[in-house]
Amino acid sequence: MLSSFSASSVRGRGAARLAAAALVSGLAAVSALTAAGTAAADELPLSRGGATATIGELKTSGAAVIHENGEDKQVPAGLFEMSVDNGGTLQTYCVDLHNPTQMDAKYQETPWSGTSLNGNPDAGRIRWILQNSYPQVNDLAALAAKAGASGLTEQDAAAGTQVAIWRYSDGADVDAVDPQAEKLADYLQRNARTLAEPEASLTLDPPAVSGHAGELLGPVTVHTNADSVTVTPPADATSGVLVVDKDGKEITSAADGGELFFDVPEDTADGSAALTVQASTTVPVGRAFASETRSQTQILAGSSESTVSATATANWAKTGAIPALSAEKNCAEGGVDITAANEGDEAFTFQLMGVEHTIAAGASQTVTIPLQEDQAYDFTIKGPNGYEKRFKGVLDCRTQSSVGAETAQTLNEPSPATAGGTSTATTDLADTGASSATPVIAGIAIALVVAGGAAVLFVRKKRTPTQD
């Protein structure tokens with residue numbers, strides 16, 4: 001073990017997740033009130049694109065023992081399998097030891113900056129472990145020879161790899177039960193070197209643009225490791241809005257670095273549209289996967305040829321402020337970054353957390369909304385001409401330090417997530433996480449509306465009693 005690791009330095013999450021889950025429905029109700037009388041807001045995920053997948057069972061695993069607070073707790077350790085939307089399979093390890101896995105949770109490819117890997121100086125070592133162990137190295141005899149672990153099985157290899165990852169992702173004092181798996185874990189921990197974060201499988205930058213009808217709105221740049229992506233134009237063909245290149249030629253495919261534009265006819269009524277790009281590729285090893293249902297964060301160990309996608313939106317008008325809004329988790333600052341760009345001919349003014357912000361014509365500004373760990377949020381931002389965007393999710397940026405005996409149940413989930421095991425409703429889904437009851441901070445429920453030059457901020461606070 002590395003004695004320099006101290007799990008107690010990592011902030012707990014435990015029962016705080018219960019309060020965060022309870023806030024989701026309340027926040028939605030507040031947003032609905034603020035948006036009354038207007039069209040429903042487009043609900044935008046914070047993902048910039050990539051693979052979306054549903055977690056399945058723990059496919060290949062062994063046992064591990066967590067040593068903490070003078071107690072030993074045995075948990076499963078190994079590889080999960082995920083099913084990718086529209087085709088493909090992923091294999092992942094956990095980088096969030098004490099948080100349970102939720103059955104059939106939906107995951108999205110996520111940059112490290114939006115997960116607990118943000119700010120972890122050893123995140124790059126985890127990627128090295130992934131690239132130099134099972135399943136990337138499937139010659140078990142060769143791997144065993146390097147680690148001095150004779151007779152290494154797939155189960156041993158998966159357990160040993162997971163244990164080594166937990167030592168770096170969670171600062172955990174954890175051992176593999178099987179001696180050969182433990183030898184592999186020690187070998188991987190001892191030899192790990194820092195590697196850079198892998199690039200995303202597919203993103204669009206920026207994810208939102210704006211401008212005047214009659215102009216080319218963009219560019220939106222494609223970033224991908226695929227040979228090419230297919231481009232799906234806005235669904236409303238009657239609008240006349242096309243996806244084109246910089247020369248105005250309609251396009252249906254693009255490569256890495258390609259630039260896409262929305263071609264909006266001059267006589268088009270004020271409005272908005274979206275384009276989607278999709279590709280089939282292998283997702284890079286080391287990409288993080290996060291869930292908005294507080295299911296434990298995963299990191300990619302292997303990928304089949306899988307479907308990846310990304311969406312960009314455009315907003316246009318003839319005159320006035322023309323905002324383009326996007327959002328992204330910022331774990332370094334403990335909040336959500338909302339970026340507002342304004343390609344109109346008038347300023348776009350709004351209030352955020354009691355501070356007024358003015359985006360001049362042709363300018364862009366990013367505002368960080370501070371949130372509590374595990375806090376659910378639901379922001380609806382309105383602009384001129386019926387334009388509005390809704391951003392919702394849960395801030396999930398930290399791992400937990402203690403293992404408790406209580407059960408943590410995520411509200412509105414079909415079954416409880418049990419510490420160190422599975423619930424009766426999830427007998428086929430092994431749980432590599434262990435939860436504990438810790439002081440609960442429900443946080444601040446915020447609904448934000450920006451209409452033209454005016455803004456209304458609704459704030460609701462709730463605190464539950466500390467659980468002993």
Side-chain angles (χ1 to χ4, degrees), residues 13-25 27 43-59 79-85 88-118 165 169-170 200-201 283 286-301 303 306 308-309 327-331 336 371 373-378 391-400 408-418 422-423 425-426 429-435:
R13 67 202 325 165
R17 295 180 174 276
L18 304 180
L23 284 175
V24 175
S25 59
L27 280 167
E43 185 178 320
L44 300 180
L46 298 195
S47 165
R48 293 296 180 97
T52 301
T54 302
I55 197 164
E57 62 184 9
L58 193 60
K59 294 288 288 186
L79 272 173
F80 282 97
E81 186 170 278
M82 289 189 181
S83 298
V84 180
D85 291 1
T89 301
L90 307 177
Q91 292 176 300
T92 62
Y93 288 106
C94 162
V95 288
D96 196 2
L97 171 59
H98 295 301
N99 181 33
T101 305
Q102 302 296 337
M103 182 180 180
D104 295 328
K106 204 77 162 178
Y107 281 78
Q108 178 66 50
E109 184 179 340
T110 304
W112 290 358
S113 61
T115 73
S116 58
L117 294 174
N118 176 75
I165 289 171
S169 65
D170 293 69
S201 61
V283 183
R287 290 295 290 170
F289 279 78
S291 170
E292 293 298 351
T293 58
R294 295 160 297 279
S295 188
Q296 63 184 193
T297 304
Q298 304 281 312
I299 194 164
L300 188 70
S303 168
S306 298
V308 296
S309 62
E328 189 171 24
K329 287 183 184 177
N330 181 348
C331 286
V336 174
L371 299 169
E373 175 70 4
D374 296 307
Q375 182 180 337
Y377 55 87
D378 194 340
F391 307 100
K392 63 181 297 185
V394 175
L395 189 72
D396 186 0
C397 292
R398 302 183 184 182
T399 58
Q400 184 197 23
Q409 179 177 354
T410 301
L411 302 186
N412 300 322
E413 294 280 336
S415 61
T418 306
T422 60
S423 71
T426 58
L429 179 61
D431 178 8
T432 61
S435 63

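Since this is a predicted model, take the numbers as computed values, not measurements.
Between G286 and W112, the shortest heavy-atom distance links the atoms O-NE1, 3.0 Å. Taking all atoms of both residues into account, the shortest heavy-atom contact from G56 to F80 is O-CD2, 3.7 Å. Looking at every heavy atom in both residues, R398 comes nearest to E373 through N-OE2, 2.9 Å.
Between D96 and the options T101, T297, I299, a side chain to side chain contact (heavy atoms under 4.5 Å, CB included) holds for only T297.
Checked against side-chain contact (heavy atoms from CB on, under 4.5 Å), A290 has the following partners two or more places apart in sequence or in another chain: T110, T115. Listed by chain and number, the residues in a side chain to side chain donor-acceptor pair (under 3.5 Å) with T92 are Q298 (sequence neighbours excluded). Under the rule for a side-chain contact (heavy atoms from CB on, under 4.5 Å), S83 has no partner lying at least two apart in sequence or in another chain. Residues passing the side chain to side chain donor-acceptor pair (under 3.5 Å) test with Y93, sequence neighbours excluded: none. In this structure N118 satisfies the side chain to side chain donor-acceptor pair (under 3.5 Å) test with no other residue, sequence neighbours excluded. Taking the side chain to side chain donor-acceptor pair (under 3.5 Å) definition, one finds that T89 meets it with nothing, sequence neighbours left out.
When only modelled atom types and interatomic distance are considered, E109 and S201 share a side-chain donor-acceptor pair under 3.5 Å.
Put simply, the side chain of R287 does not reach to within 4.5 Å of the side chain of S303, judged on heavy atoms. Looking at heavy atoms from C-beta onward, T293 lies out of side-chain contact with K106 at the 4.5 angstrom threshold. Inter-residue side-chain proximity for F289 and V283 is flagged as met; some heavy-atom pair is nearer than 4.5 Å. Between T399 and L97, the closest side-chain pair of non-hydrogen atoms is not below 4.5 Å.
Separating the CG atom in D85 from the OG atom in S309 is a distance of 8.0 Å, to the nearest 0.5 Å. Rounded to the nearest 0.5 Å, atoms CD (E57) and CE (M103) are 10.5 Å apart. Here S295 contributes atom OG and Y107 contributes atom OH; the two are 2.5 Å apart, rounded to the nearest 0.5 Å.
A donor-acceptor pair under 3.5 Å links the side-chain atoms of Q296 to the main chain of N99, judged by distance alone.
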